[in-house]
Amino acid sequence: MHLHLKDESETQRLGERLAEVARPGDVLLLEGQLGAGKSSLARAFIRAAMNAPRLAVPSPTFTLVQSYETPGGIEISHYDLWRLDGPAALAELGWDEALSGIVLVEWPDRLGDLAPKHAWRLRLSLAGVGRDVEIDGELRGFDAA
């Protein structure tokens, strides 16, 4: 599926719509160069899932993972693997446990063979003032409109 997002608000809306359909066990792999919108999409997803539009959602660039528990008791883990050398360190970051909740991963190429086959793969790229997004994976209940 290909989407063109005109601006930041459309990127945030995509994150919100994805949060509406995500369920425990879902993994979103967010690919794209610096500034492509991975963090913006992840923040909007987390705020929507938490039903907290003003929630501070810090980047996990230095902590590598930030976790949140939704009002419904679902654990969301937001990984930023930019500084990770490879998948060996993921065990220490609670990777296996996180997979029972909802997982968002920035820089998923660092996962190597640990990238789940069922994951939703979102490739974000800059397109003028907007962004293009390619989405692969079975997004049950997701409507791009």
Side-chain angles (χ1 to χ4, degrees), residues 1-5 7-125 130-145:
M1 172 185 312
H2 174 84
L3 302 172
H4 177 72
L5 309 173
D7 55 27
E8 183 70 17
S9 67
E10 287 192 1
T11 301
Q12 292 170 356
R13 181 66 189 126
L14 174 60
E16 293 165 357
R17 290 190 343 242
L18 290 168
E20 291 171 3
V21 299
R23 301 291 175 259
D26 289 339
V27 178
L28 287 76
L29 305 178
L30 307 175
E31 302 174 352
Q33 75 250 40
L34 288 171
K38 299 178 301 293
S39 294
S40 294
L41 190 140
R43 283 185 180 105
F45 181 103
I46 292 165
R47 287 178 179 135
M50 297 292 293
N51 195 25
R54 300 205 191 300
L55 178 70
V57 180
S59 172
T61 299
F62 295 104
T63 59
L64 301 178
V65 64
Q66 293 282 343
S67 296
Y68 306 86
E69 186 172 333
T70 70
I74 298 169
E75 186 84 12
I76 299 174
S77 299
H78 179 198
Y79 287 83
D80 183 329
L81 304 181
W82 172 255
R83 298 181 323 111
L84 198 68
D85 291 332
L90 282 169
E92 294 177 29
L93 298 174
W95 178 253
D96 290 335
E97 297 84 4
L99 293 173
S100 64
I102 298 171
V103 180
L104 295 94
V105 182
E106 297 185 48
W107 306 102
D109 56 310
R110 307 313 200 264
L111 288 171
D113 292 338
L114 294 178
K117 304 293 185 238
H118 69 280
W120 307 350
R121 190 172 297 275
L122 290 86
R123 291 177 202 89
L124 293 94
S125 59
R131 296 181 173 114
D132 284 333
V133 183
E134 290 290 333
I135 304 175
D136 293 324
E138 185 179 327
L139 302 172
R140 329 160 286 294
F142 178 73
D143 179 12

Original post:
Quick one: side chain to side chain contact (heavy atoms under 4.5 Å, CB included) partners of E97, sequence neighbours excluded?
Top reply: none
Subject >> Set of salt bridge (Lys or Arg N to Asp or Glu O under 4.0 Å) partners for E69, sequence neighbours left out >> reply: none
Subject >> Partners meeting side chain to side chain contact (heavy atoms under 4.5 Å, CB included) with E92 (sequence neighbours left out) >> reply: none
Subject >> D7 side chain vs E10 backbone, donor-acceptor pair below 3.5 Å >> reply: yes
**OP:** For S100, enumerate each residue passing the side chain to side chain contact (heavy atoms under 4.5 Å, CB included) test, keeping only those at least two apart in sequence or located in another chain.
**Re:** none
**OP:** If a pair satisfies salt bridge (Lys or Arg N to Asp or Glu O under 4.0 Å) and one of its residues is in residues 26-42, list it, with sequence neighbours excluded.
**Re:** D26-R140, E31-R121, E31-R123
Subject >> Minimal non-hydrogen separation, V65 against S77, with atom names >> reply: CG2-CB, 4.3 Å
**OP:** State the CD1-OH distance between I74 and Y68, to the nearest 0.5 angstrom.
**Re:** 16.0 Å
**OP:** Return yes if some donor-acceptor pair links the side-chain N/O of Y79 with the main-chain N/O of L90 below 3.5 Å, else return no.
**Re:** no
Original post:
Where the side chain of R83 meets the backbone of L64, is there a donor-acceptor pair that is under 3.5 Å apart?
Top reply: no
Original post:
Can you name the residues that form a salt bridge (Lys or Arg N to Asp or Glu O under 4.0 Å) with E20, not counting sequence neighbours?
Top reply: R13
Taking distance alone, no hydrogens or angles, what donor-acceptor pairs closer than 3.5 Å link side-chain atoms of residues 107-117 to residues at least two apart or in another chain?
unit_1: R110; atom_1: NE; unit_2: L84; atom_2: O; d: 3.4
unit_1: R110; atom_1: NH2; unit_2: W82; atom_2: O; d: 3.1

Donor-acceptor contacts under 3.5 Å from residues 41-50 side chains, at least two apart:
unit_1: R43; atom_1: NE; unit_2: V57; atom_2: O; d: 2.8
unit_1: R47; atom_1: NE; unit_2: L55; atom_2: O; d: 2.7
unit_1: R47; atom_1: NH2; unit_2: L55; atom_2: O; d: 3.2

**OP:** Search all heavy atoms of E75 against all heavy atoms of S67 and return the closest pair with its distance.
**Re:** OE2-CB, 3.1 Å
Original post:
Just how far is it from atom CG of L104 to atom CG of L28, taken to the nearest 0.5 Å?
Top reply: 5.0 Å
Original post:
Going from NE2 on H78 to OG on S59, what distance comes out if it is rounded to the nearest 0.5 angstrom?
Top reply: 6.5 Å
Subject >> Atom pair CD1 (I135) and CG (L29), whose distance is rounded to the nearest 0.5 Å >> reply: 12.5 Å
Original post:
Among pairs that include at least one residue of residues 19-44, which meet ring pair (Phe, Tyr, Trp, His ring centres under 6.0 Å), considering only residues two or more places apart or in two chains?
Top reply: none
**OP:** Tell me, please, which residues at least two apart from S125 pass side chain to side chain contact (heavy atoms under 4.5 Å, CB included).
**Re:** Q33, D132
Original post:
Just how far is it from atom OG of S40 to atom CG of L14, taken to the nearest 0.5 Å?
Top reply: 11.5 Å
**OP:** Under the ring-ring contact (aromatic ring centres under 6.0 Å, His included) rule, collect the residues that match up with W120, sequence neighbours excluded.
**Re:** none
**OP:** Please list, chain by chain and in numerical order, all residues satisfying side-chain hydrogen bond (donor to acceptor under 3.5 Å, both in side chains) with S39, sequence neighbours excluded.
**Re:** E106
